[in-house]
Amino acid sequence: MNNTAEARIKALKAAAESMSAAELQDKIEALTNERIAEIRATKTEIEVKGQSYYVSVEGCDDNDGKTPQTPWQSIAKVNAASEGILKAGDAVFFRRGDLFRGSVQTAAGVTYSAYGEGEKPMIYVWDKNSASPELWKKTDVEGVWEYAEVYDIDIGAIIFDDRTYARKVYQSNEEDGRWLDFRAKREFHDYHDLVDDMSFWHSSQNSQGEEKTGKLYLRCNAGNPGEIYSDIEMNKKMSGIRIGGDGIHIDNLCIAHAGVHGIASGKRDGLLVTNCEIKWIGGTIQCPIRGYGTRSWPTPFGNAVEIYGEARNYTVDNCYIWQAYDAGVTHQGPSKCDIACENNNYTNNVITDCVYAVEIFYGNAPAGETFDRYFKSTHVENNILRRGGGFGHDARPDEGVTALIRNGGIMDNTTDYTVTNNIFDRSREKIVQASNDGGSKAQYYDNLFVQVKGGKYVTRCGKDYRYDEDVAKNIAETNTETNSTYIFVDELGY
């Protein structure tokens with residue numbers, strides 16, 4: 001029996017129309033859990049052409065790092081080695097089961113993976129487990145707690161026991177002079193205005209308000225959060241892995257609590273990300289007040305894996321990605337430069353509970369300006385994309401943007417963009433967002449769609465379509481979908 005992700009998705013799609021909606025939902029849930037377990041259990045299979053280096057929390061940075069018996073200890077040592085020690089063809093292996101705190105800076109041509117037995121090594125950007133009662137102090141407001149340590153760098157999220165989070169208050173500066181909790185649309189100046197249980201405010205250098213103290217305040221009506229929860233992590237304004245150089249392979253790591261991106265790169269050729277788990281990413285402020293257009297609020301961000309700029313030979317494969325503030329996977333870039341995007345692949349992944357599972361946009365050059373720009377050979381295949389509208393959906397200032405695939409603008413010079421054999425399972429807004437641009441040139445083959453009956457489905461070729469009995473007939477007029485299966489459910493269920 002062929003047991004690949006591709007074969008199992010095909011088999012489920014073939015049987016979908018003979019099942020009840022409830023039975024299909026159970027089957028999708030079971031397949032998702034199978035795939036997550038497989039990804040988490042993936043073995044390390046790396047062929048090292050150069051020198052191998054090892055990192056363990058029980059190591060020492062004075063060691064040579066060249067054997068499992070003489071490992072380095074810290075991310076700081078790995079980053080220092082990126083400036084002269086690590087060469088193309090080398091590999092850095094983190095010990096499985098260990099938790100490393102910090103942000104990794106890579107070197108060109110180097111692989112970063114795991115050794116030993118057990119769970120994937122964890123790369124957490126946040127400094128410590130903050131579930132200690134002494135780290136949370138009462139304030140003069142009942143139910144509001146002050147974090148004992150001060151951070152000038154922006155904090156984008158607080159995560160409790162790896163399962164829930166507190167909503168960050170993003171302040172807007174309105175033209176009439178009012179400061180608002182923009183999502184709640186009410187006056188907000190400082191922690192005295194924290195009203196909603198499990199919401200927080202951080203007076204950081206990137207916040208706007210009456211003062212910038214670096215202090216963080218959390219409303220937790222149940223009591224001291226350090227007593228209630230066993231694990232409290234925060235998303236600090238840094239990326240988990242910062243890609244420096246081409247030809248880099250990130251494999252079998254668990255990356256979390258990065259307030260910017262999980263894996264962040266600029267213009268790149270040959271970035272390969274495999275067998276990773278990436279979770280709880282983003283939420284920090286990218287642009288301050290009035291950062292984009294007519295917005296009166298700051299612009300937060302955060303993607304699990306991102307290339308910003310030209311992307312060539314870029315692949316994210318067999319990864320489990322969940323709870324990103326914005327996108328699970330993305331390549332995107334500016335409109336005022338030459339851009340060549342070619343041979344980019346998102347394959348065999350499970351991506352759940354993000355605002356966008358897949359986000360791609362490269363706009364056309366402005367009128368009157370000429371650049372060499374093209375977008376070709378992009379493939380989204382054999383993925384399970386579920387529950388659009390996770391972490392960022394309820395936290396962000398702007399609303400109504402969620403989609404399982406979002407093309408925010410792709411250049412007209414687009415060829416060979418295919419979306420094949422994926423499961424699209426429910427979204428709190430749209431399944432596909434593709435306006436009248438290059439994103440509408442994507443060809444969809446053999447996909448399984450599940451959405452609330454009568455809900456939003458897709459923007460395609462400049463037109464909105466509902467998810468109803470006529471969806472197949474209506475989408476056919478776009479000439480962009482072949483052999484799709486549409487299943488209706490009565491409610492989101494999440």
*side chain to side chain donor-acceptor pair (under 3.5 Å) assessment of Ser74 paired with Arg101*: CA-CA 8 Å; Ser74 70; Arg101 292 190 181 270; over 6 Å; no
*asked:* Is it the case that the side chain of Ser427 and the backbone of Glu429 share a donor-acceptor pair, with hydrogens and angles ignored and the cut-off at 3.5 Å?
replied: yes
*Tell me, with the steps shown, if Glu491 and Lys453 meet salt bridge (Lys or Arg N to Asp or Glu O under 4.0 Å).*
CA-CA 8 Å; Glu491 58 184 16; Lys453 187 175 183 179; over 6 Å; no
*asked:* Distance to the ring centre below 6.0 angstrom and angle to the axis at most 45 degrees; does that hold for Arg460 and Tyr444?
replied: yes
_Charged N-O contact under 4.0 Å between Asp162 and Lys279_ = yes
_Tell me which one of Val305, Val273, Ile360 satisfies side-chain contact (heavy atoms from CB on, under 4.5 Å) with Tyr346._
Ile360
*Would Asp251 and Thr274 count as a side chain to side chain donor-acceptor pair (under 3.5 Å) if you check the C-alpha gap in whole Å, the side-chain angles of each, and the deciding distance to 0.1 Å?*
CA-CA 5 Å; Asp251 174 73; Thr274 58; 2.7 Å; yes
*Between His261 and Tyr325, is a ring-ring contact (aromatic ring centres under 6.0 Å, His included) present by the stated rule, with each step listed?*
CA-CA 9 Å; His261 307 310; Tyr325 179 89; over 10 Å; no
*N-O pairing of Asp353 and Arg387 below 4.0 Å*: yes
_Using the rule ring pair (Phe, Tyr, Trp, His ring centres under 6.0 Å), only one of Tyr115, Tyr112, Tyr54 pairs with Phe93; which is it?_
Tyr54
*asked:* Between Asp412 and Lys441, does any NZ, NE, NH1 or NH2 come within less than 4.0 Å of an OD or OE carboxylate oxygen?
replied: no
*Can you check whether Val450 reaches Leu24 side chain to side chain, under 4.5 Å on heavy atoms?*
yes
*asked:* Salt bridge or not between Asp394 and Arg167? Use side-chain N to carboxylate O under 4.0 Å.
replied: no
*Find out whether the Lys NZ or Arg CZ of Arg406 is both under 6.0 angstrom from the six-membered ring centre of Phe361 and within 45° of the ring's axis.*
yes
*Roughly how far, to the nearest 0.5 Å, is CZ of Arg426 from CD1 of Ile487?*
13.0 Å
*Is there a donor-acceptor contact under 3.5 Å linking the side chains of Thr402 and Lys430?*
no
_Salt-bridge present (Arg428, Glu399; N to O < 4.0 Å)_ = no
*Result of checking Arg268, Arg312, Lys267 against Asp246 for salt bridge (Lys or Arg N to Asp or Glu O under 4.0 Å)*: Arg268
*Check whether the side chains of Thr32 and Glu29 place a donor and an acceptor atom closer than 3.5 Å, and report yes or no.*
no
*Is the backbone of Ala15 close enough, under 3.5 Å, to the side chain of Lys27 for a donor and an acceptor to pair up by distance?*
no
*Gln332 and Glu359: side-chain contact (heavy atoms from CB on, under 4.5 Å), yes or no, with the steps?*
CA-CA 8 Å; Gln332 54 185 266; Glu359 180 186 30; 3.7 Å; yes
*Taking Asp338 for its side chain and Asp372 for its backbone only, find out whether a donor-acceptor pair lies under 3.5 Å.*
yes
*Is Glu342 close to Thr378 at the side-chain level, that is, under 4.5 Å between some pair of heavy atoms?*
no
*asked:* Can a side-chain donor-acceptor contact be found between Asn345 and Asn343 if the only test is distance below 3.5 angstrom?
replied: yes
_Short side-chain to backbone donor-acceptor contact, Ser239 and Arg242, under 3.5 Å_ = no
*Between Gln25 and Asp425, is a side chain to side chain donor-acceptor pair (under 3.5 Å) present by the stated rule, with each step listed?*
CA-CA 9 Å; Gln25 288 282 276; Asp425 180 21; 3.2 Å; yes
*Between CG of Leu253 and CD1 of Ile278, what distance do you get to the nearest 0.5 Å?*
9.0 Å
*Without swapping roles, check the side chain of Thr414 against the backbone of Ile410 for a donor-acceptor pair under 3.5 Å.*
no
*Is a side-chain N or O of Tyr124 found less than 3.5 angstrom from the main chain of Leu99, in a donor-acceptor match?*
no
*Under 3.5 Å, is there a donor-acceptor pair between the side chain of Trp72 and the main chain of Asn63?*
yes
*Do Ile384 and Asn422 come close enough that some side-chain heavy atom pair is under 4.5 Å?*
no
*How far does CG of Asn382 sit from CG of Asn421, to the nearest 0.5 angstrom?*
5.0 Å
*Any idea which heavy atoms bring Asn79 and Ser103 closest together, and the distance?*
ND2-O, 2.9 Å
*Please name the residue in the list Asp446, Ile423, Leu448 that meets the side-chain contact (heavy atoms from CB on, under 4.5 Å) test with Thr485.*
Leu448
*Backbone N or O of Ala114 within a donor-acceptor pair of the Thr44 side chain at under 3.5 Å?*
yes
*Determine, stepwise, if the pair Thr330 / Asn303 fulfils side chain to side chain donor-acceptor pair (under 3.5 Å).*
CA-CA 7 Å; Thr330 182; Asn303 304 315; 5.0 Å; no
*Check step by step if side-chain contact (heavy atoms from CB on, under 4.5 Å) holds for Glu277 and Trp322.*
CA-CA 8 Å; Glu277 179 172 355; Trp322 55 290; 2.9 Å; yes
*Thinking salt bridges, do Arg396 and Asp398 make one under a 4.0 Å N-O criterion?*
yes
*Can you tell me how far the CH2 atom of Trp126 sits from the CG atom of Asn235, to the nearest 0.5 Å?*
9.5 Å
*Indicate yes or no for a side-chain donor-acceptor contact from Ser82 to the backbone of Val78 under 3.5 Å, with no hydrogens or angles considered.*
yes
*Show your reasoning for whether side-chain contact (heavy atoms from CB on, under 4.5 Å) applies to Ile285 and Thr299.*
CA-CA 6 Å; Ile285 296 171; Thr299 302; 6.0 Å; no
*If you measure only the distance, is there a donor-acceptor pair under 3.5 Å linking the side chains of Asp64 and Tyr53?*
no
_Under the ring pair (Phe, Tyr, Trp, His ring centres under 6.0 Å) test against Tyr486, which residue among Phe424, Phe449, Tyr465 passes?_
Phe449
_Passing option when Asn318 is tested against Thr347, Asn275, Asn252 for side-chain hydrogen bond (donor to acceptor under 3.5 Å, both in side chains)_ = Asn275
*Does Asn383 use its side chain to pair, donor to acceptor, with the backbone of Glu381 at less than 3.5 Å?*
yes
*asked:* Before you tell me yes or no, could you show the steps for Cys337 and Arg373 under side-chain contact (heavy atoms from CB on, under 4.5 Å), namely the whole-Å CA-CA distance, both residues' side-chain angles and the distance that decides it to 0.1 Å?
replied: CA-CA 8 Å; Cys337 63; Arg373 300 171 66 80; 4.2 Å; yes
_salt bridge (Lys or Arg N to Asp or Glu O under 4.0 Å) partners of Glu23, counting only residues at least two apart_ = none
*Between Asp90 and Lys87, is there a side-chain N and carboxylate O pair less than 4.0 Å apart?*
no
*Would you mind reporting whether Met19 and Asp26 have side-chain heavy atoms less than 4.5 Å apart?*
no
*Measure the OG-CG distance between Ser204 and Asp154 for me, rounded to the nearest 0.5 Å.*
3.5 Å
